[in-house]
Trainee: 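Here you go, one structure.
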Amino acid sequence: MSSRYEIRFSGSGGQGMILAGIIMAEAAAIYGDKNAVQSQSYGPESRGGASKAEVIISSQPIDYPKATAIDCMLAMTQEACTKYHKDIKEGGILLVDSDEVKEFPQGKFRLLKFPIINTAREELGKTIVANIISLGMIAELTGVVTHEAIEKAVLSRVPPAFLELNKKALQIGFEKAKTLK
Amino acid sequence: MSSRYEIRFSGSGGQGMILAGIIMAEAAAIYGDKNAVQSQSYGPESRGGASKAEVIISSQPIDYPKATAIDCMLAMTQEACTKYHKDIKEGGILLVDSDEVKEFPQGKFRLLKFPIINTAREELGKTIVANIISLGMIAELTGVVTHEAIEKAVLSRVPPAFLELNKKALQIGFEKAKTLK
Amino acid sequence: MAEKKKKLLQGNEACVEGALYAGCRFYAGYPITPSTEIAEGMSVRLPKLGGKFIQMEDEIASMAAIIGASLAGLKTLTATSGPGFSLKQEAIGYACLAEIPCVVINVMRGGPSTGYPTGPSQADIMQAKWGTHGDHPAISVTPAYVQEILTETVRAFNLAEKYRTPVVVLYDEIVGHMREPITMPAPGEIEVVDRAKVTCKPEEYFPYDDKYEVAPLAPFGTGYRFHVTGLNHKQDGFPTNDPKIIRENNERIMRKIENHKEDIWKNEETFLDDAEVAVFTIGSTARSARYAVNEARKAGIKAGLLRPLTIWPFPDRAVAELAKKVKAIIVPELNLGQMVLEVERCSRGATKVEGIHRVDGEPITPAQILEVIRKYK
Amino acid sequence: MAEKKKKLLQGNEACVEGALYAGCRFYAGYPITPSTEIAEGMSVRLPKLGGKFIQMEDEIASMAAIIGASLAGLKTLTATSGPGFSLKQEAIGYACLAEIPCVVINVMRGGPSTGYPTGPSQADIMQAKWGTHGDHPAISVTPAYVQEILTETVRAFNLAEKYRTPVVVLYDEIVGHMREPITMPAPGEIEVVDRAKVTCKPEEYFPYDDKYEVAPLAPFGTGYRFHVTGLNHKQDGFPTNDPKIIRENNERIMRKIENHKEDIWKNEETFLDDAEVAVFTIGSTARSARYAVNEARKAGIKAGLLRPLTIWPFPDRAVAELAKKVKAIIVPELNLGQMVLEVERCSRGATKVEGIHRVDGEPITPAQILEVIRKYK
Amino acid sequence: MAEAAAKKLPNIVINERLCKGCSICVDFCPTNVLEIRGSVVAVKDLAACTRCQLCDLRCPDFAIQVFD
Amino acid sequence: MAEAAAKKLPNIVINERLCKGCSICVDFCPTNVLEIRGSVVAVKDLAACTRCQLCDLRCPDFAIQVFD
Amino acid sequence: MSAPAAPEKKEKISVPFDYNKYLRPNKLPHIWCPGCGHGIVLKAMLRAIDKSGFSKDQICVVSGIGCSSRTPGYVDFNTLHTLHGRALSFATGIKLAKPELKVIVVTGDGDALAIGGNHFIHTCRRNIDLTVLVFTNAIYGMTGGQYSPTTPMGSQATTSRYGSIEKPFDACEMAKASGASFVARGTAYHTLELEKTIHEAIMHKGTSVVDIIDACPTYFGRMNKYKSATHMMEVLEKDGTVSVKQVDKLPPEKVQGKFLRGVLHKDERPEYCEQYASLIMEKAKAK
Amino acid sequence: MSAPAAPEKKEKISVPFDYNKYLRPNKLPHIWCPGCGHGIVLKAMLRAIDKSGFSKDQICVVSGIGCSSRTPGYVDFNTLHTLHGRALSFATGIKLAKPELKVIVVTGDGDALAIGGNHFIHTCRRNIDLTVLVFTNAIYGMTGGQYSPTTPMGSQATTSRYGSIEKPFDACEMAKASGASFVARGTAYHTLELEKTIHEAIMHKGTSVVDIIDACPTYFGRMNKYKSATHMMEVLEKDGTVSVKQVDKLPPEKVQGKFLRGVLHKDERPEYCEQYASLIMEKAKAK
Ligand SMILES: Cc1ncc(C[n+]2csc(CCOP(=O)(O)OP(=O)(O)O)c2C)c(N)n1
Ligand SMILES: Cc1ncc(C[n+]2csc(CCOP(=O)(O)OP(=O)(O)O)c2C)c(N)n1
Ligand code: SF4
Ligand code: SF4
Ligand code: SF4
Ligand code: SF4
Ligand code: SF4
Ligand code: SF4
Ligand SMILES: [Mg+2]
Ligand SMILES: [Mg+2]
């Protein structure tokens, strides 16, 4: 199973967790040379509630599309953190927004705390790019995709008017992550 | 199979063939001491076209409800006669309305011709009781139900205002049949 | 005895008598050949008994209305035929999951699609089990005689109440439209199961109380205010996303039938003790089969008949046992192969299984069956 | 190669690509989770290609509209999920009997009834075969990978045209909503079967010409004026009560599939040559199974996988042969026992058949399957 | 010329195979031209026909037409 | 008495568990009593409240009520 | 892709009319009972189609299930006999797929307004170019005489032996409220007027609905004590209706309780297929 | 068997109102998005029910499927969450089986008018005593923003990316044409007026329909460039409607294109269950 790298993005509906998952998968499989599968869970019918997206990255074909042992998980809300942290594997990473998550789950994983949403607000004036910052952080922290790939993936998914903003957000993510390493 | 007595009433929708079948079955099973099963076939969805009703009478329980070898068949129209005469058994009876049926099927059965509708018109002023006349004739011809039973059955099915008319029709049937024997 | 009047009734009329005898007091339906006489009968009879008849705008609305009326506490019925049965499927699934007792009559006509409306068939047997989406329990009873339509309709209501589930009465046009003399049962003569009474305090009431395999259902408006939904739900009736509860509840509604198959099954066995070849069939085809088996016996052939009056849950045990005893099981059916598949499955290769199939609007004759029986003598 | 762009697509998006690739130019539907993305994709893409998208007032109307549009000569699609699939059943039967090609996608969600709309299931498998009343042919294909949703959707259109019949594409919510990189096929790269052209003179044209097993279907408005009905009909399309013709036609529409099973079947076999225990399954469950079988092999267990991409007609021969070779066939499915019944039937007692069933909205994990595989090592 | 035309009787064409004897044409004929004979319609008084076409227009069965 | 009542401030009860921060109450409050703080509503200027009840009436979430 | 070209007009109403031109050979006699109004309506429809000038290949006749819905089997066009209540949905598919066809839907009051009521109102709402002829005989004929959504209150039917208590629909009101751009009523009795109305409906672009009152002597007639088909036509069709053209001239008591005949509503709002072509396909291609 | 006894009237509109009296414990927060109008309507409904004086046991709330149809889960009555589009049919069964219950149906514009359109018009036609509250947000909220039968022409939805070309239904027109004896419209914005209207609807005997314009900021709002829920309420509910009481006083240009609010139609024709009891059951028993 070591050829699988499993990432889970979690938060609440509207925080762009699914988009983050998609971008990560594209970074790996379209702009990188790996295979990737992205999946997600939904609230009632198709909206609302806690939301999660998972990405499996591998150099092999990927059969089972859901997380089995998570290498890296992002939690943007307390609810998501509590609900979804259980599958993080020994030695994995749990990255939480430190303003949102106050009760930390126990486990043999590395717990990294960072005020992601607040950084987006303070440094870029837009909380909407918090998910992009976190993508930068995860790319940096895990090395599972290259900076180049994740940047291409991000830029291909955002409207032209927001290219610069997102580039910056990503950059901030790369840098802030270094401080956590 | 000899314990089965099979009668088929056939004509066009509106000639009361199904009612005739019902009355015959009631004569046998409600007012007589036999078992009886009555069944019928319908046109499209539930109306129109050539119509037939079958009655199986037996002293035993009756499993198969459809005619296998007909002992007696009535045909009030040419179409019904042509379409339905095939199952009459050797030695059986085919009674036709002689004004309506002009082409007679071949077979080893007794062919009896009688102007049933016209008799109803001429003698009772109502073609509507042609089916009752034919019931009288068949009771008389086959002896499968008693005069008493068929009369009770007829009278239990007709509105009070028409008791006399129907009684007369039945009587006419009994008598006319004797002329054919 | 003087009271017990024999009457010549049509199959569909006997169905009306059975429903009323069972205490049915609500009918909603939409006319369709060859079931319409049931609606017509109910429309005349129900209001005399204080019951309600309504002709809805279609079969979907009819099915929904009988579920609603059942929740209001009445025993409820709808009757239809192939195309209407297809339309009712979504709401039948609702009744399965929400566990609302009700009875659905399907008088089977020639199909598929509009098909041959006045011709008989037995081609909705598999649909009665698998017609609605998702896993759901199914009970179907299959009368073959006019008298039996009455008694099996009563049994259908009983099973519906006992297991809080929709029950389908399946019979073909031949049985539905033929007339036979029947004896009207006196009150009390046939068992009638009424809805379990709720006795607990309102605040302790759960519509899907997991203390029970089948919790009692309180009628709306009797002080027990609760919630009913077609979403997966908890014992209190409210929706849940909890996988454990979803699983448990989905499995329970299957189990409540599975665990009581003995109670639900009803087989008629004719000459099976020493049979070397057996016929397995229902409805009008079983009437032909019985005739054929009798003829076979007369001819010295050891033929027998297994006639299930409950086709769902499928009488798997009876078939498995039979398969071990006989050289062949013959399955005549007015379709192109439905019950025969289940017989094949349950006999696990232990015997030869041969279907006789007919879909031309004509009955399978005794002679057709006899011919196949002779092959295995 | 530069042209063949890899794209990350959702299963439902791949379905849109497949439909358009196959030449689908008409979509009618009614939204329902988890299939809605197909409608949304078609609404954007079709008009660019000169095709038509219409959101109808319900699923019944949607199914009827695609049959109508198909008669007008277009390749047509609708997509839905459990409750909608139940509602479409009557009209699906119409398409079967009237022999109108069209494709229906059912993205399976948790059920029965409203159930668990965002959860996956595989609980409509039997319904895909038996959901409509009467005897009718059924073809269902069952992709498991996003790329395969594209290719199988194309195959579904091909089969629909070839056999003039509705084809159902069945996959579960997991496969429908997950994203994988796929390679868009170049024009011509995948076979596309177009509707057989009618060449005879109008006065010689019969829509159900018995010269053919599958007669060519002339589009309305092209000079071939003919009649189509859901009643049992003659080769000229007009209704009949003639038992012989009814029988022949009812049997023919079954036979045209039955006789070509080899062409319609598509099985993927993994490690079956020397397998001692086999897994039989479809869709997302097959992905878990493949993972599990790989793990088993690593652990030295001779496990194999039979993955049908055509579930109807059921791959009876493949299962029967497999049953003779292995100690057990394991059937994991997101339901309470559907395919397992067919596997039991086809294996005729020749091997042990064990189902793994899950209905809590969660996938069957590789570990669950592996555990059962180990029992038979 | 006008006189000659007036004298020419209309041609009432009845298709007995199609006539179901419903009597609609008989009832609506303003000049009592038609009658039911046995189970089908028949012309009783051709001369009275005014060619008003009501019989054709209201016949449900394509069974009667009136030509000049 | 009237004066005393006028001086008594209203009691604006906010249920933070239920408030979804949609801002409807804030936007419709005629006297700008309310504001969004973080993700929920809060009272900014209690004294300005006229007890008009619009906030309660238009709150979709049962999250705000105003008592005397 | 464009809508059917408006064909040349013919002027003279031609009776005797050569129905055989549009009838399929050897399909008559039709299955309708003696005196059933459906045959009269069918004839008016054929004359109207002839007048419209469309070729037989351009015309598509679609029906649901019912006695009335057997119509397509007799007429020599592209014909489709569908499912009970769903004719309009099948027809919508055909029309949208091939706007150059002139699609005429023949449906019963049960087919259109009971099981098919939803498709009826949505068709009208979309204003798709279908001509909808509702054969309103106030009964379910095909299944043997149950009450329908147009059965008058108090009437007998096999499922209303104590008299119907349901207020009947007015198909024209429903069509208008839901957006049909042409709404009219005719009767079998007023057969030349009906021919004209149907012709106008066919020539209209958009959803055109013609509610046609006709008689089911076999069920509605017998159960409600009408003496004959003629009697029904006189009471229900002749005396039971008033032409819109006369309604203003009549005293209220002569109008009350009667159905209006003639064109009751007409507007020229855009037709669905044209809108689709101009607003959706054009925009999509531009994107 | 008799209809619910008319309960005593309470007069004062009580805000603050103790909603907890009618809410089920621990079911809040509800699933609706921030700013969704459904919650505002729910509150008006509860106040109206309170005013009606019916006990909680006498009231039955039935819904279909949709965001709006989640309402029954929150309220402490006899509650039934049914199938998409079929709420009225379930409700008809309940009401006819037990006329002493006051049955209120909560339904979305999609639920009531798309898939459920036929049950809607037939319910109105029968005039069975149901109060039908249609939460009209011009979109299918639950499935993520497809256009509905009330979506205005030209609007964006996930299935009308090039703008909708379908003329929307006016639920009130449909209700009236099909025979409902009480027809009204309200909005979430005019919440006290809505409370009054719903109360009047509940007290009416016969089918009462209230079309309630409210907002789906998540889908309709976002896709059609509304800035906020408030913005939607102002544009669509406040500015987009006119009270029937004012309409005569306003110049036509202030009325055009706007929805009328208030009671639009009311008559006292006999209610279905009562007719059933008096005309059918009595006659049947007499026979
Ligand atoms: C789904 C379905 N339900 C019911 C029927 C039975 N059925 C056939 S026609 C019909 C009613 C016909 O009435 P109408 O449309 O008024 O036509 P008419 O026969 O009066 O001309 C019914 C209920 C059917 N064929 N399919
Ligand atoms: C038979 C069926 N078809 C489709 C669906 C999917 N579905 C659920 S709710 C809904 C529409 C909801 O719209 P509306 O009724 O307007 O309620 P809203 O969510 O806007 O309040 C749809 C299409 C379903 N559950 N069942
Ligand atoms: S054309 Fe007129 S007058 Fe002549 S037979 Fe016909 S109805 Fe009578
Ligand atoms: S109207 Fe036509 S069918 Fe009727 S009697 Fe006259 S010709 Fe015959
Ligand atoms: S009661 Fe009125 S003034 Fe006071 S906070 Fe609420 S909206 Fe503002
Ligand atoms: S209206 Fe209600 S939910 Fe919205 S911000 Fe105000 S209190 Fe919170
Ligand atoms: S049953 Fe009525 S509608 Fe049907 S054909 Fe006969 S008369 Fe016409
Ligand atoms: S999606 Fe729209 S209708 Fe549904 S809860 Fe959210 S805002 Fe309300
Ligand atoms: Mg009718
Ligand atoms: Mg909505």
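None of the values given here were measured: they were computed from a predicted structure. In what follows, chains are A, B, ... by sequence order, proteins preceding strands, each numbered from 1. Reckoned from all heavy atoms, side chains included, excluding hydrogens, waters and symmetry mates.
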Trainee: Restricting to non-hydrogen atoms, name the atom on D:Leu341 and the atom on C:Arg345 that form the minimum distance, rounded to 0.1 Å.
Mentor: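 Reported closest heavy-atom pair: O-CD, 3.2 Å.
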
Trainee: Check the pair C:Tyr116 / D:Asn241 against side chain to side chain contact (heavy atoms under 4.5 Å, CB included), numbers first and verdict last.
Mentor: CA-CA 8 Å; C:Tyr116 187 28; D:Asn241 292 334; 3.2 Å; yes

Trainee: With a 4.5 angstrom heavy-atom cut-off, which part of D:Met126 approaches chain C: side chain, backbone, both or neither?
Mentor: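 The answer is both parts of D:Met126.
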
Trainee: Considering only heavy atoms and a distance below 4.5 Å, find which of D:Gly131, D:Gly84, D:Gly115 pairs most often with chain C.
Mentor: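 Ranked by heavy-atom pairs under 4.5 Å with chain C, first place is D:Gly115.
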
Trainee: So which of D:Asp242, D:Leu336, D:Thr229, D:Asp124 has the biggest tally of heavy-atom pairs under 4.5 Å with chain C?
Mentor: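 If we count pairs closer than 4.5 Å to chain C, D:Leu336 comes out on top.
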
Trainee: So which residue, C:Gly111, C:Ser86, C:Ser81, ends up with the most heavy-atom pairs under 4.5 Å with chain D?
Mentor: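 Option with the top pair count is C:Ser86.
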
Trainee: Using a cut-off of under 4.5 Å on heavy-atom pairs, state which of C:Gln127, C:Lys244, C:Glu362 scores highest against chain D.
Mentor: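 It is C:Gln127.
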
Trainee: For C:His357, what residues pass the ring-ring contact (aromatic ring centres under 6.0 Å, His included) criterion, not counting sequence neighbours?
Mentor: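 None.
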
Trainee: State, with a plain yes or no, whether a side-chain heavy atom of C:Pro239 is found less than 4.5 Å away from one of D:Thr114.
Mentor: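 Of all side-chain heavy-atom pairs linking D:Thr114 with C:Pro239, none is under 4.5 Å.
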
Trainee: For D:Asp135 and C:Gln338, which heavy atoms make the closest approach, and how far apart are they?
Mentor: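 The pair with the smallest heavy-atom distance is OD1-NE2, 3.1 Å.
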
Trainee: Distance from C:Asp360 atom CG to D:Asn250 atom CG, nearest 0.5 Å?
Mentor: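 One finds 9.0 Å between CG of C:Asp360 and CG of D:Asn250.
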
Trainee: Heavy-atom count check: over 12 atoms from other residues, nucleotides or ligands less than 6.0 Å from D:Glu213 CD?
Mentor: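 Enclosed.
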
Trainee: CD/D:Glu344 to CD/C:Glu344 distance, rounded to the nearest 0.5 angstrom?
Mentor: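 Rounded to the nearest 0.5 Å, the CD-CD separation comes to 13.0 Å.
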
Trainee: Counting only non-hydrogen atoms closer than 4.5 Å, does C:Ile60 touch chain D with its backbone (N, CA, C, O), its side chain (CB onward), both, or neither?
Mentor: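 For C:Ile60, the side chain is the part near chain D, not the backbone.
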
Trainee: Which one, C:His136, C:Met108, C:Glu248, C:Arg247, leads in non-hydrogen pairs under 4.5 Å with chain D?
Mentor: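 The answer is C:Arg247.
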
Trainee: Please tabulate, for side-chain N and O atoms in residues 89-97 of chain D, each donor-acceptor pair with protein atoms closer than 3.5 Å (sequence neighbours left out).
Mentor:
residue : atom : partner  : partner atom : Å
D:Gln89 : OE1  : D:Thr132 : N            : 3.2
D:Gln89 : NE2  : D:Phe85  : O            : 3.1
D:Tyr94 : OH   : G:His81  : O            : 2.7

Trainee: Give, for atom CZ of C:Arg348 and atom CZ of D:Arg348, the distance between the pair rounded to the nearest 0.5 Å.
Mentor: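 One finds 11.0 Å between CZ of C:Arg348 and CZ of D:Arg348.
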
Trainee: Does a sphere of radius 6.0 Å around NZ in D:Lys324 hold more than 12 heavy atoms from other residues, nucleotides or ligands, not counting ones at 6.0 Å or beyond?
Mentor: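 It does not: D:Lys324 NZ has 12 such atoms or fewer within range.
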
Trainee: At their closest point, which heavy atom of C:Pro112 faces which heavy atom of D:Ile253, and how far apart are they?
Mentor: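 Distance-wise, the nearest heavy atoms are CG-CD1, 4.5 Å.
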
Trainee: Could you look at D:Glu251 and say if it's the side chain, the backbone, both or neither that has a heavy atom under 4.5 Å from chain C?
Mentor: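 Contact with chain C: backbone and side chain both.
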
Trainee: Where is the tightest heavy-atom contact between D:Ile246 and C:Val359, given as atom of each residue plus distance?
Mentor: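 Of all heavy-atom pairs spanning D:Ile246 and C:Val359, the closest is CG2-O, 3.3 Å.
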
Trainee: Would you find a donor on one side and an acceptor on the other, under 3.5 Å apart, between the side chain of C:His133 and the backbone of D:Ser113?
Mentor: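 Yes, C:His133 side chain to D:Ser113 backbone: donor-acceptor pair under 3.5 Å.
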
